[in-house]
Visitor: 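What follows is a single structure, and I will ask about it in a moment.
Atom set for the values below is all heavy atoms of this structure, side chains included, hydrogens, waters and symmetry mates excluded. Atoms within a ligand are numbered from 1 in the order they appear, just like the ligands themselves.
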Amino acid sequence: MKPSELLTPTPAGLYCPPADIHIDPVRPVARALITHGHSDHARAGHGAVLATSETLAIMALRYGEAFAGTRQPVAPGETVRIGAVDFRFVPAGHVLGSAQIVVEHKGLRIVVSGDYKRERDPTCAPFEPVPCDVFITEATFGLPVFRHPPAHAETAKLIDSVRLFPERTHIVGAYSLGKAQRLMALIREAGYERPIYIHGAVEKITELYRAEGVPLGDIRKVEPGERNAEGRRALAGEIVICPPSAIQDLWSRRFPDPVTAFASGWMRVRARARQKGVELPLVISDHAGWDDLQATIREVQANEIWITHGEAEALAHWCGSVGLRGKPLHLVGYGDEGEAEPEARPAEAEPAEVAP
Ligand SMILES: [Zn+2]
Ligand SMILES: [Zn+2]
């Protein structure tokens, strides 16, 4: 069997003909396997959905209980057979519940990694490399400029700034699913014990993480009362986490002399930080950077690498240079809500200085 007979790119997403099922479809389909809860991968309106219990809970939270006709939780490591094809969910280390999907049929094994990272994340199970014939990867940060510094070092920059400017509120933009909670956990690991304040848009997902057993310490929602002058002063010197859009809008101007920070892999590009008015860029990514993409591709020992989205041509070119077959799939509809910003063209931008 040829790999393209087991999995093939279609306008709705990756399709497995012998099982009649799609993986992370971008259009409503009869049966879908979902790698993780970010909105470019997990969409509402499918007939049947198979995913980890955490991903199903995230989808129900975001889209309502009727997000799919039926749902079936799949535990990490569990194999589900559909039409003589075996599907196994393996942790991807990206966000809570994120999984790679191992597709196996007649001795051929393809791994659909979804979005993934290799750096340790206290809020989700670590990525497990699975040797395979074909490895399907994204390439959001598939350029040599994207070498992510250690997340704990970036977190230390935030905490140092809070100590240096105790009269200023530190407003940190972070994607509401995954990044925000990872940042809270990193802040706690750094020994910071004061309450961490959050924007209302981050509240429900954060509650879900806690309900799933992720310890985040004292988390408090910014209350409407804190919008008046007295309340604002009370948040001087505190850390407030909000969705990225909120760091630029009126919401953030309620706080006393705010320091605006943004936690994203894109903060590696200095021009992006400047353009967004970010004073304190924190290079914290939930996607593998250039070195980890390469290390992972070597580790899984696949001869063929299919690249779904991101810097597909650059990564395919590197694959060719080390004797592997790299094939951009040009899948449309991905670009992670959790990280990708389609308008960002890192090739045109200058790299930021690396953290000391
Ligand atoms: Zn994602
Ligand atoms: Zn994505």
Visitor: Drop me the distance from Tyr209's OH to Glu54's CD, to the nearest 0.5 angstrom.
Guide: 9.5 Å
Visitor: Tell me, please, which residues at least two apart from Glu104 pass salt bridge (charged side-chain N to carboxylate O under 4.0 Å, His left out).
Guide: Arg109
Visitor: Given the Zn ion (ligand 2) as the apex, I'd like the angle to NE2 of His41 and OD2 of Asp40, rounded to 10 degrees.
Guide: 90°
Visitor: Apply the side chain to side chain contact (heavy atoms under 4.5 Å, CB included) test between Phe135 and each candidate in Ile307, Leu324, Thr296, Val130; give the one that qualifies.
Guide: Thr296
Visitor: Return the name of the atom in Asp115, of element N, O or S, nearest to the Zn ion (ligand 1).
Guide: OD2
Visitor: Check His38 and report its N/O/S atom nearest to the Zn ion (ligand 1), by atom name.
Guide: ND1
Visitor: Who passes ring pair (Phe, Tyr, Trp, His ring centres under 6.0 Å) against Tyr192, sequence neighbours left out?
Guide: none
